[in-house]
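Below: the structure, in structure tokens.
Both ligands and their constituent atoms are indexed starting at 1 by order of listing. As the structure is a computational prediction, the values presented were derived from the model and not from experiment.
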Amino acid sequence: MMKPAIKIAPSILAADFARLGEQVAEAERSGADRIHVDVMDGHFVPNISFGAVVVEALRPVTRLPLEVHLMITDPDAFFDEFTAAGADSFLVHWEGNNNLHRTLQRIKASKKRAGVVINPATPATVLEEVLPEVDLVLVMTVNPGFGHQHFLPTTLPKIRRMRETIEQVKPECELELDGGIDATTAPLGVVAGANVLVAGTSVFGDSKGVAAGMASLRAAIQATAN
Ligand code: DX5
Ligand code: ZN
């Protein structure tokens, strides 16, 4: 079977924490491409989630890459801990980082993949200078801090512009979306130019289970290709 071009990154923020290992293994069996790990410190965003111990616990459970989305005020202070725990890539925010280039260099120096995230109110143009340094750009399609929010359609023109810039400057750079992705909104994001979709509630919150959530997302994405 040909690997689908659009990648799905289930976000464990929506998983049942009492059965986290099981749920991640199920996401892998259902065709997830990577696991999205949302780290929140109660300062950068108004919510607290978990730290590197969760990455460490999941590392032996899955062969999928673990991508760590750092919604914390000082990402640089925690790279080593997350790297030792088994993280494969880091997503750091443009917002609040006065030395983003240095942060990216540091991630690359540890041979990890580096991604930059922009919030809904941040224009795509702020990434022009750092684009050559990054492996992926993540456009937030909700305000960061909580799962289970509604996709903001106002981000769609920005996603389209970001795709155009990526094609011009660094075509191999991935374009990822995060927040409110489900069978209705995934096709909108893909048509706008995204190739990686983070999905929390629509995967782990599906009433018929993780496999059913993954299948309905895949079907919706596949329909955009026809
Ligand atoms: C929000 C997080 C998202 C979130 C997505 O701050 O970055 O990754 O878990 O959850 P859903 O898919 O439920 O919007
Ligand atoms: Zn996230």
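Between R106 and D80 there is a salt bridge, since a side-chain N of the basic residue sits under 4.0 Å from a carboxylate O of the acidic one.
Short contacts between ligand 1 and M71, defined as distances under 4.0 Å to a heavy atom of the residue, involve ligand atoms 6 (O), 7 (O). Near V198, with a cut-off below 4.0 Å to any heavy atom, the atoms of ligand 1 are 8 (O). Of all atoms in ligand 1, numbered sequentially from 1 with element shown, those under 4.0 Å from a heavy atom of A199 are 12 (O). With ligand atoms numbered from 1 in the order given, ligand 1 contributes 6 (O) to contacts under 4.0 Å with heavy atoms of M40. Near H36, with a cut-off below 4.0 Å to any heavy atom, the atoms of ligand 1 are 8 (O). Shown in contact with H148 at under 4.0 Å from a heavy atom are these atoms of ligand 1, numbered in order with element: 11 (P), 13 (O), 14 (O).
Looking only at distances, no side-chain donor or acceptor of T62 sits under 3.5 Å from a matching main-chain atom of L58. One N or O on the side chain of R218 and one on the backbone of G31 form a donor-acceptor pair closer than 3.5 Å.
Here the angle centred on the Zn ion (ligand 2), running from OD2 of D178 over to OD1 of D38, is 170°, rounded to 10°.
Polar contact check, G200 against ligand 1: a nitrogen or oxygen pair lies under 3.5 Å apart.
Shortest contact from atom 1 (C) of ligand 1 to any protein heavy atom: F146 O, 3.5 Å. The nearest protein atom to atom 13 (O) of ligand 1, hydrogens excluded, is given as T201 OG1, 2.5 Å; this is a heavy-atom distance. Looking at atom 14 (O) of ligand 1, its nearest protein heavy atom turns out to be G180 N, 2.8 Å. In terms of protein heavy-atom proximity, atom 5 (C) of ligand 1 is nearest to D178 OD1, 3.5 Å.
With a 4.0 Å heavy-atom cut-off, ligand 1 is reached by the side chain of L13 but not by its N, CA, C or O. Counting heavy atoms closer than 4.0 Å to ligand 1, residue S11 contributes side-chain atoms (C-beta onward) but none from N, CA, C or O. Contact annotation for S202 and ligand 1: no heavy atom of the residue comes within less than 4.0 Å of the ligand.
Using the six-membered ring where Trp is involved, F17 and F50 have ring planes that are perpendicular, over 60° apart on the 30 and 60° scheme.
Checked against salt bridge (Lys or Arg N to Asp or Glu O under 4.0 Å), E164 has no partners two or more places apart in sequence or in another chain.
If you look at H69 and ask which of its N, O or S atoms sits nearest the Zn ion (ligand 2), the answer is ND1.
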